[in-house]
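What follows is one structure encoded as structure tokens, with my remarks underneath.
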Amino acid sequence: MSGPGVGEETPRKSKCPPDKIAYDPARGIKICMETGEVIEEDMIGDEAEWRAYTPEERARRTRVGSPIQFSKPNMGVDVYISASRGSRVRGLSKRLDYLRMRGLRGKAALTSLEKNINQALRYIEDISARLELPRQIKEEAARLYREAASKGLARGRSIESMVAAALYAACRKHRYPCTLDDIAKNLSMREIDAKREVARNYRLLVRQLDIKIPVIDAERFVYRIASALGLPDPVVAEAIRIVKMARSRGLTAGKDPSGLAAAAVYLAALKHGIRKTQKEVAQVAGVTEVTVRNRYKEIDKMFGGITS
């Protein structure tokens, strides 16, 4: 009776019905359509993402392996030096040379650009873990940084600040509610300087890489702020209603969505008799108390005393 060997993982059993399991070839994962559970990841893709019209083209373009991952060194594809199948490296000196070649292969072959990207990928992994960013944000940030580095945009600039700018651009592109302050707080440099430098690099990336940045709805920030403050669902529903009312009157035009969401949450909490200070709400939202106060007064004035 055979079982899993040493170092092997026992396949995880899932309660998801087989007919409800969907395969996402872009990310190499299997997902349960009922619960959203990731059943298996880093799967080897057997589908082709290219076209071939002749047998020669098909033979030249055929490849196998796991999906390309921008957040991994060499995009998740690596080469290992090994002895030929069925043979062993004989002799102490030859074996030492063989082990040294395996250990130094990657380091000796890396160019300055590759070393820069590998260091940036470590920063992306670290900052993403602190902010608990989803995988798609991490992958998009890595892709943006690789493109920026290949165009020479990272030359002469701090790797950490460029990584932070790529992460912020990825969050904005995917409408993920993460503010510039959230990212700046998790950098090694001083927060004021970090925010200024990251904002400058973010504008550079958007301009040079022609990134289309959609407007983030304030409702996305409402959920995040209310969750951090531990507010109940009725307050969340009321805050979203306030945001929608403000949008219908044109109050959201040109306004920071996080500041508008903070004011809506503050107003909704007041209306439900929950005392939260403007300072508490502002700190969670990553905006200033002045911003919360101004948005609060504008909304309250527009609707003639919404908290009454």
Side-chain angles (χ1 to χ4, degrees), residues 36 131-134 136-137 140-141 144 164-185 195 198-199 202-203 205-207 209-308:
L131 294 171
E132 299 181 350
L133 298 176
Q136 65 173 351
I137 299 297
E140 180 65 20
L144 291 176
L167 281 169
Y168 182 59
C171 290
R172 292 291 304 272
K173 186 175 180 179
H174 288 274
R175 300 176 184 266
Y176 187 80
C178 182
T179 65
L180 197 59
D181 290 307
D182 293 333
I183 295 177
K185 290 175 184 176
K195 187 176 179 180
V198 172
Y202 165 73
R203 291 191 293 270
L205 292 179
V206 172
R207 184 172 62 253
L209 303 184
D210 193 26
I211 305 173
K212 306 301 181 185
I213 302 294
V215 178
I216 302 179
D217 297 329
E219 288 91 334
R220 291 176 179 263
F221 286 98
V222 167
Y223 291 108
R224 175 175 169 272
I225 296 169
S227 176
L229 292 172
L231 297 174
D233 291 341
V235 175
V236 177
E238 180 64 24
I240 292 175
R241 189 182 70 85
I242 292 173
V243 170
K244 290 181 177 179
M245 289 171 62
R247 183 181 294 116
S248 66
R249 300 288 185 89
L251 188 62
T252 60
K255 300 292 192 304
D256 179 19
S258 57
L260 185 67
V265 169
Y266 176 71
L267 281 166
L270 285 180
K271 193 168 184 180
H272 283 79
I274 301 175
R275 302 298 299 180
K276 292 291 182 182
T277 65
Q278 292 179 358
K279 183 177 181 180
E280 288 178 296
V281 178
Q283 287 178 341
V284 170
V287 297
T288 64
E289 291 181 62
V290 176
T291 300
V292 177
R293 190 177 303 117
N294 289 342
R295 297 293 88 78
Y296 157 71
K297 290 180 179 178
E298 290 171 359
I299 296 174
D300 202 47
K301 180 180 179 181
M302 175 172 287
F303 297 107
I306 197 171
T307 56
S308 57

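Below, all heavy atoms of this structure are taken into account, side chains as well, without hydrogens, waters or symmetry copies.
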Inset, instruction - Give a yes-or-no answer on whether the side chains of Thr179 and Asp181 include a donor-acceptor pair shorter than 3.5 Å. - result: no

Inset, instruction - Calculate, to the nearest 0.5 Å, the distance between atoms CG and CD1 belonging to Leu209 and Ile211 respectively. - result: 5.0 Å

Inset, instruction - With the side chain counted from C-beta on, respond yes when Lys271 and Leu267 share a heavy-atom pair under 4.5 Å apart, and no when they do not. - result: no

Inset, instruction - Heavy atoms only: give me the nearest Gln283-Lys185 pair and the separation to one decimal. - result: O-NZ, 4.0 Å

Inset, instruction - Give the minimum heavy-atom separation between Val287 and Asp256, together with the two atoms involved. - result: CG1-OD2, 3.8 Å

Inset, instruction - State, to 0.1 Å, how close Leu229 and Lys276 come at their nearest heavy-atom pair, and which atoms those are. - result: O-NZ, 3.5 Å

Inset, instruction - For residues Arg275 and Leu270, determine if any side-chain heavy atom of one lies less than 4.5 Å from a side-chain heavy atom of the other. - result: yes

Inset, instruction - Mind checking the CD-CG spacing from Glu289 to Asn294? Nearest 0.5 Å is all I need. - result: 11.5 Å

Let me have the donor-acceptor pairs involving side chains of residues 166-173, under 3.5 Å, with sequence neighbours excluded, atom names and distances please.
residue : atom : partner : partner atom : Å
Tyr168  : OH   : Arg172  : NH1          : 3.3
Lys173  : NZ   : Glu140  : OE2          : 3.1

Legend entry - Non-hydrogen side-chain atoms of Val290 and Arg293 separated by less than 4.5 Å: yes

Legend entry - Backbone of Arg224 reached by a side-chain donor or acceptor of Ser227 within 3.5 Å: no

Inset, instruction - State, to 0.1 Å, how close Thr291 and Gly259 come at their nearest heavy-atom pair, and which atoms those are. - result: CG2-CA, 3.9 Å

Legend entry - Heavy-atom side-chain contact between Glu238 and Ile242 under 4.5 Å: yes

Legend entry - From Arg220 atom CZ to Ile225 atom CD1, the distance as rounded to the nearest 0.5 Å: 14.0 Å

Legend entry - Minimum heavy-atom distance between Tyr202 and Ala165, given as atom pair plus value: N-CB, 3.5 Å

Legend entry - Leu260 and Ile299, any side-chain heavy atoms less than 4.5 Å apart: yes

Inset, instruction - For residues Thr277 and Tyr266, report the shortest heavy-atom separation together with the two atoms involved. - result: C-CE1, 4.1 Å

